[in-house]
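Below is one structure, written out as structure tokens; comments come after it.
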Amino acid sequence: MHKPPSPSAVPAIELHDLTLGYDRHPAVHHVSLRIAPGSLLALVGPNGAGKSTLIKALAGELHPISGTLHGLTGPRIAWLPQRSELDRSFPVTVRDMVALGLWHHVGAFGLFTAEHRRLCAEALAAVGLTGFEQRSLDALSGGQLQRALFARLILQDAPVVLLDEPFAAVDNRTTSDLLALLHRWHRQGKTVIVVLHDLAQVRAHFPLTLLLARELVACGPTAEVLTDAHWARAQRMHEAFDDEAPLCAATPDTHPHTHAAEAFT
């Protein structure tokens, strides 16, 4: 089940003059870049820089105001939003929630077989939750819940994995274990894009970084992106952004906000 995806299963992700926002009010402006297949990429920037907005667009949860996004319509996507978006009061067991990762195998009316139960058990074991199958979500600690959500991602077995702040309010041991899982997915050839705040964590574990401040500041090898100069520029760009500004219209060849970058594995 967990074979490395073929090269054709993980296309490059290409953004061309992409503008995103809510109620047609822009939050991310004129982003152009290419992310190569199999990249392990951290998405960073100041608070309110549009990181969650961008990754929601990559996940198909937010439609562009303008511009185009290619490479994510064909492959399956494993998407983990911020934990605050999960209703922990919903009456479901850990195993039932994790089993949702098998949707692409089982379908709406498929039979949950002994083989599917075995796969669920393997996924829970991989994140250290053997014996937690019948617990309810509201009985889990923050770290245990995040482990369960990663078990569901394992079962999704998608060529593209998108995570929004997956280590927020999670203990150090859980963070270490889940980072190891991200590296395993990277070795399998999956494209993994993660929104993060911890720059030390980014430097230690992510070969590629995208620095965003409502616009693209830099994208490429982490050591080249996370410089003092780039971060200072990101802070200046974010502080200067006018939340009341009208939607801007421009062509990618002439607008001063247009950037281009390419990320390689």
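For the single chain, residues carry numbers from 1 onward in sequence order.
Closest approach of G48 and R214 over heavy atoms only: O-NE, 2.9 Å. Minimum heavy-atom separation, L20 to I65: C-CD1, 3.7 Å. Contact between P26 and T19 at its shortest, heavy atoms only, is CB-CG2, 3.9 Å. In this structure, L212 and L43 approach most closely via the heavy-atom pair CB-CD1, 4.2 Å. When every heavy atom of A126 is checked against every heavy atom of I154, the shortest pair comes out as CB-CD1, 3.9 Å. Counting all heavy atoms, side chain and backbone alike, Q144 lies closest to A139 at OE1-O, 4.3 Å.
I55 places a side-chain heavy atom less than 4.5 Å from the side chain of W79. Here the side chains of L124 and F132 are not in contact, with every heavy-atom distance at 4.5 Å or above. Within the 4.5 Å cutoff, side-chain heavy atoms of L54 are placed close to those of L15. The shortest side-chain heavy-atom distance between W231 and V44 falls under the 4.5 Å cut-off. Proximity of V127 to D177: side-chain heavy atoms (C-beta onward) are nowhere separated by under 4.5 Å. Here the side chains of T175 and P166 are not in contact, with every heavy-atom distance at 4.5 Å or above. Counting heavy atoms from C-beta outward, V28 and L18 have side chains that stay 4.5 Å or more apart. For the pair H197/E165, a side-chain contact is recorded, criterion being any heavy-atom separation below 4.5 Å from C-beta on.
Clustering ILVMFWY residues whenever any of their side-chain heavy atoms sit less than 4.5 angstrom apart, transitively, puts L211 in the very cluster that holds L199. Cluster membership check: L145 does not share its hydrophobic cluster with V170, using side-chain heavy-atom separations under 4.5 Å among Ile, Leu, Val, Met, Phe, Trp and Tyr.
The neighbour count for R173 CZ, taken as heavy atoms of other residues, nucleotides or ligands under 6.0 Å away, does not exceed 12.
S32 places a side-chain N or O within donor-acceptor distance of the main-chain N or O of D17, the cut-off being under 3.5 Å.
Note: H186 NE2 to L181 CG = 13.5 Å, rounded to the nearest 0.5 Å. With rounding to the nearest 0.5 angstrom, the CG atom of L40 is 10.0 Å from the OG1 atom of T191.
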Trace of the side chain to side chain contact (heavy atoms under 4.5 Å, CB included) decision for F150 with L129: CA-CA 11 Å; F150 268 70; L129 287 184; over 6 Å; no

Steps toward side chain to side chain donor-acceptor pair (under 3.5 Å) verdict (E215, H30): CA-CA 7 Å; E215 303 169 19; H30 302 287; over 6 Å; no

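D138 meets the side-chain contact (heavy atoms from CB on, under 4.5 Å) test with S136; sequence neighbours excluded. Taking the ring-ring contact (aromatic ring centres under 6.0 Å, His included) definition, one finds that H116 meets it with F112, sequence neighbours left out.
If you check the side chains of Q146 and T174, you find no donor sitting under 3.5 Å from an acceptor.
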Using residues 201-210 as the side-chain source, report each donor-acceptor pair under 3.5 Å to any protein atom, sequence neighbours left out, with the distance given to one decimal.
| unit_1 | atom_1 | unit_2 | atom_2 | d |
| --- | --- | --- | --- | --- |
| R203 | NH2 | L226 | O | 3.3 |
| H205 | ND1 | H183 | NE2 | 3.1 |
| T209 | OG1 | T222 | OG1 | 2.8 |

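A side chain to side chain donor-acceptor pair (under 3.5 Å) with D157 holds for exactly one of R76, Q188, K190; it is K190.
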